[in-house]
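See below for the structure under consideration.
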Amino acid sequence: MKYPACTPGEFSLCRILDNNNVTLKHLYSPMSRGALLFALLWAVVFSSCNSKDETTDEQEYITTQSVAITGFSLQPDVRVMANLDSVFFSIDLEHGVVFNADSLPKGTNITKLVPKISYPSSVTSAVIEMKGGTHREDGTVNYYANANDTIDFTAHVTLTLGTENKAVTKTYVLKVNVHKEDPDVMYWDNLASMNLPSRLDSPKAQKSVEFGSGVLSLIEESDGSFTVATTTDIFAGDWQKNELKPAFTPELNTLTSTPSGTLYILSDAGELMTSANGLSWQKADTGWSGLIGMYGDTLLGIRGSGTGRTMICWPSGNLDGISLPDDFPASGYSAPVSFANRWTTSPTIVVFGGDNLASGYSPSWAFDGSQWVDIADSPLPALEGLTVVDYYSYLNSASSGLLKEFEAYLAFGGRDRDGNVNNTVYVTYDHGVNWQRAQDYMQLPANILAGYRADAISLGTLMQSNLSNRWKAADGKRHLDFSIEGDVISWDCPYIFLFGGYDASMELDSEVRSGVLKRLTFVPLF
C-alpha cells in the first residue's frame, strides 16, 4: 500500500488564520470550482495557569492583526501560464506561511513573478528577502516602495511586515509550489507488475472479473486443467488458488459477475451455469448462444444465430424476446459499461466493438431497457476484443483555461480485421458517442501491450496523509471521495489493472499490469 507524502498547499480554500481569530475568504481554486467551502473548528483552550486577563488578550490580538497579511495573489503573466492571477493562496497567520493550494504545473517558470500583497494601513514597512534562488541567488526588495518588482520563488522567500518605527514586526514565508512530477501522466508501474495467479507456468487462457471487494480469475492451465484464483487485496498480491474440475466445458470469455457476488458462465453446449464462489457450479438455463453482461441485476444474453436473434435474460422477465439489430455483433464486443444522466429515463448500458469488422468502424451499442441503438457519431476504428474501462481525465476549460475533471471511458487493445493488435488508447467523454485518440499522457508505454481480449478492472486502494491542521471538511462533491479523521485524510485512489490479453500470435500475456493517473495519487484538493 502506498502512502504519498503530504506537502503544504493541499487546500484549495484560501484562508487567513491566527491563534485567536479566523477569517475565511470565499475563493475557489482551479481544482475545486463549485465545491463547498470548509468550516474551521478552532478551540481556544485557557489553562488554569494562564495569568493573562481579557484586556491583555485583546491587546495582543490587535497587535498581531496590525502586521497581518490580508491578501495574496500573483500578477497575470501569460508568458508563465494562463490565468496566473487565478491561482489562490492560503494565508496561515499562526505559522507565518503563505502557499498556493494547488501546485502549478511541472516546469512552470517561477523565477520572475510579481506578487500582489495586501496588509493593514498600520504597516509602514514591507521587505521581501530571497536566498538561494536559481535566478536571484540572494536579493532584497522593498515591496512597500516598489510593489512591481519581480520575485524569484525558487528561492527561500520571506516577507517582513512592520509598523511605524518597527514597533511590531512579523516575518512570513512565501511559497509558490510547483509539481515536481507531471500529474497528468498515466503511470504504469512495471516493477509492480505481477504474474497471472495460475497454479502452473504458461497458462493458456484467462478471464478476470471484479468479485466482491476484489478479483476472481478463471484460468485454463497449460495442462488443460482450470484454476479459480481470488483475492480481496490485489495490491498485496495475496491470492487463494484452487483447482476447478467442472462437469462442463466453460467458455472462459463469458465469465460475468454481479454486484452481489453471483457468477455466471456459458458452457460450450449453451448452458447457463451459475456459482457463488467459482468452484461449485449449477445449471440455471439452456439455449444461450451468447452472453452480453449485466443490466442492473439482470443478466443479458443472446438466443439464436444470424438474423432474427433475440435477447434472453436471467432471471427471465420482460426483457426476454427483445429483437437484436441484424448488425449487432455475434461476439468480440466489450463488457458493458453502465451510465445514467439527466437525459436518460432509465439506466443504460453500452458495449463497444465486435466481430462486424467489415463495417470499417466499431459501433457503440446502447441499451436502455427497451431497445439496442448504435449511438456512435465519431466511432472507434473496427476492432474486436476491445477492453473498455470507466475512469477519469482532466482537460483545460476553453473559457477559463483551468483544469476540469471528467468521467471518461478508456478503450485499450483489440485487434483489426487483419489480426493486428491495436496499441492505441482511445477516450470518450460522452459515453461512447464520440471517440478520439487519448492524450499522449494516457497512452500505454511501448513495452506494454493491452492485447486482444484483455480484462480491465478499476480498483481503489486506501491512501492516507497527515494534514496536521485543524480543518474539518463539510460534505462536498468529488469523484474521489475522501474522509478526514483528526489530522489524517483518507481517500480511495483508483488503479486500472490489465489482466491477460493475447498478442498477434494469440499467445497469452501472463502478466498483470497496474496503472494510475498520477494526479489521483495526490492528496485530494477541496
Side-chain atoms of residues 293-305: list all donor-acceptor pairs with protein atoms under 3.5 Å, sequence neighbours left out, distances to 0.1 Å.
from : atom 1 : to   : atom 2 : distance (Å)
Y295 : OH     : P347 : O      : 2.8
Y295 : OH     : D368 : O      : 3.3
Y295 : OH     : G369 : N      : 3.4

Inset, instruction - Determine whether the aromatic ring centres of Y409 and F339 lie less than 6.0 Å apart. - result: no

Inset, instruction - Indicate, with yes or no, if the rings of F412 and Y426 have centres closer together than 6.0 Å. - result: no

When rounded to the nearest 0.5 angstrom, what is the spacing between [atom1] in [X] and [atom2] in [Y]?
| X | Y | atom1 | atom2 | value |
| --- | --- | --- | --- | --- |
| S334 | D455 | OG | CG | 11.5 Å |
| D355 | L383 | CG | CG | 12.5 Å |
| I322 | M311 | CD1 | CE | 4.0 Å |
| L272 | K283 | CG | NZ | 11.0 Å |
| W491 | T521 | CH2 | OG1 | 7.5 Å |

[X] side chain to [Y] main-chain N or O, any donor-acceptor pair under 3.5 Å?
| X | Y | value |
| --- | --- | --- |
| S362 | P381 | yes |
| N83 | S86 | no |
| N277 | S280 | yes |
| N422 | G414 | no |
| D374 | P363 | no |
| S364 | A376 | no |
| T428 | N434 | yes |

Restricting to side chain to side chain donor-acceptor pair (under 3.5 Å), what partner residues turn up for [X], sequence neighbours left out?
| X | answer |
| --- | --- |
| T274 | none |
| S260 | T258 |
| D440 | R437 |

Legend entry - Set of ring pair (Phe, Tyr, Trp, His ring centres under 6.0 Å) partners for Y361, sequence neighbours left out: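 If we apply the ring pair (Phe, Tyr, Trp, His ring centres under 6.0 Å) test to Y361, skipping adjacent residues, there are no hits.
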
Legend entry - By ring pair (Phe, Tyr, Trp, His ring centres under 6.0 Å) - contacts of W288 (at least two apart):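 W288 satisfies ring pair (Phe, Tyr, Trp, His ring centres under 6.0 Å) with no other residue.
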
Going by salt bridge (Lys or Arg N to Asp or Glu O under 4.0 Å), name the residues that satisfy it together with [X], two or more places apart in sequence or in a different chain.
| X | answer |
| --- | --- |
| R453 | none |
| D509 | R513 |
| D430 | none |

Residues 208-224, side-chain donor-acceptor partners within the protein, below 3.5 Å, at least two apart:
from : atom 1 : to   : atom 2 : distance (Å)
S208 : OG     : Q206 : OE1    : 2.6
S208 : OG     : S217 : OG     : 2.6
E221 : OE1    : L200 : N      : 3.3
E221 : OE2    : R199 : N      : 2.7
E221 : OE2    : T227 : OG1    : 2.6
S222 : OG     : D201 : O      : 3.3
D223 : OD1    : S225 : N      : 3.0
D223 : OD1    : S225 : OG     : 2.6

Legend entry - Greater than 12 external heavy atoms within 6.0 Å of K241's NZ: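 Yes, NZ of K241 has more than 12 neighbouring heavy atoms, counting only those of other groups under 6.0 Å.
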
Legend entry - Residues, nucleotides or ligands: over 12 heavy atoms within 6.0 Å of Q443 CD: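 Enclosed: over 12 neighbouring heavy atoms sit under 6.0 Å from CD of Q443.
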
Legend entry - D233 side chain to T231 side chain, donor-acceptor N/O pair below 3.5 angstrom: no

Legend entry - W365 and F328 aromatic ring geometry - parallel, tilted or perpendicular at 30°/60° bounds: tilted

Legend entry - Qualifying salt bridge (Lys or Arg N to Asp or Glu O under 4.0 Å) pairs, either residue in residues 408-420, two or more places apart: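 Found E384-R415.
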
Side-chain donor-acceptor distances from residues 261-268 under 3.5 Å, at least two apart:
from : atom 1 : to   : atom 2 : distance (Å)
S267 : OG     : A269 : N      : 3.2
S267 : OG     : E271 : N      : 3.0
S267 : OG     : E271 : OE1    : 3.0

